[in-house]
Number of protein chains: 2
Amino acid sequence: MDSIDKAIIAILQRDSSTPVSEIADSVGLSATPCWRRIKKLEEEGVITKRVALVDRHRLNLRLTAFISVRTAHHSEAWLTKFAESVRRIPEIVELHRMSGDTDYLMKVVCPDMVRFDKVYKKLISVAEFSDVKSSFSMEDLKSTTELPLDYI
Amino acid sequence: MDSIDKAIIAILQRDSSTPVSEIADSVGLSATPCWRRIKKLEEEGVITKRVALVDRHRLNLRLTAFISVRTAHHSEAWLTKFAESVRRIPEIVELHRMSGDTDYLMKVVCPDMVRFDKVYKKLISVAEFSDVKSSFSMEDLKSTTELPLDYI
DNA sequence: GCTGAAACCAGGTAACC
DNA sequence: GGTTACCTGGTTTCAGC
């Protein structure tokens, strides 16, 4: 992966609807080799998918919350089952197994506190926790899917 | 926004490279009216952008961390300047103004602890904090850009 | 073996019903 | 919202470097 691939990824991370010919111009290549590089990046799994991003406010998702939990269960089987359950809850968009004080950290999006409480209840119904803490985002100041390309 | 629009969004959130004709089939429409709906969703800002998602491991971004900070400064001017500075740090992919114990919560991606410390130093160089806590993700169990469509 | 020109074809876009 | 036609842009082939 050279600097041209990096430049291609930079463009596609920002706007994947950019025509190949335009990307080719930007990186100083003609369309065909540029297209082949994109194809290769997709085949090799560097580019995993192309998605449409949606304005969460337009979907009535005005509340963003973080739930951190502790649990007494630390088996592989418990983790697998827990992760699988969380993957089925669409309001929980992230789940991290953490080091330190909390065992798991989740990011939740939903319309309001009433709906948040429903997600919360759904969550505590799928697994047992010894401690649960919720904190709420008042303002989304930065949120991007663009990853830094400085380390390749 | 009706159930057809919802179905269209569901498909595009999952894979924005799906051909319009295929989407049209799925939602029981012919290509043109389906395309018109997609165009409208984009114009109205429901669909904000189309992006390529990249495997962070392939970009050498193996460390995910959360930094929560407290600050003594609570003016609008300070917030604006702080947010602007953070937006210029590519390793910080999320910044939330929080309620409760912490004032701001950030999500950071970088290769390792050494690079994390550099981001940390960059962060404390752009703003003054009274308290800074870092926690680290050991395992990414769920991470999606697909938002729940149950509330429209 | 990789690049780019040109031909080709799928799919996005527009006009019309 | 559908049908048809058009035309941009993605994809393949092939010649040249």
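Convention: sequence-line order gives letters A, B, ...; per-chain numbering from 1. Hydrogens, waters and symmetry mates are skipped; everything else that's a heavy atom, side chains included, is used.
Here B:Asp140 does not pair with A:Arg97 in a salt bridge; the nearest charged N to carboxylate O distance is not below 4.0 Å.
For the segment residues 9-21 of chain A, no residue has any heavy atom less than 4.0 angstrom from an atom of DNA chain C.
Atoms CG (B:Leu29) and C1' (C:dG12) sit 16 Å apart, rounded to a whole Å. Remark: P of D:dG1 and CG of B:Asp25 are 16 Å apart, rounded to the nearest angstrom.
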Open item on the list: Would A:Glu94 and B:Lys107 count as a salt bridge (charged side-chain N to carboxylate O under 4.0 Å, His left out) here? Give the steps.
Closed with: CA-CA 12 Å; A:Glu94 283 185 43; B:Lys107 182 181 172 182; 3.0 Å; yes
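Classification of the A:Phe82-A:Phe129 ring pair by plane angle, with boundaries at 30° and 60°, yields perpendicular.
For A:Arg50, the salt bridge (charged side-chain N to carboxylate O under 4.0 Å, His left out) test picks out A:Glu42, with sequence neighbours left out. Partners of A:Ser17 under the side chain to side chain donor-acceptor pair (under 3.5 Å) rule, at least two apart in sequence or in another chain, are A:Asp15. Not counting sequence neighbours, the partners of B:Phe136 by the ring pair (Phe, Tyr, Trp, His ring centres under 6.0 Å) test are B:Phe116.
Between the B:Thr102 side chain and the B:Met98 main chain, no donor and acceptor come within less than 3.5 Å of each other.
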Which protein N or O atoms sit under 3.5 Å from an N or O of nucleotides 15-17 of chain D?
none

Polar pairs (N or O, both sides) under 3.5 Å between protein and nucleotides 14-17 of chain C?
unit_1: C:dA14; atom_1: N6; unit_2: B:Thr32; atom_2: OG1; d: 2.7

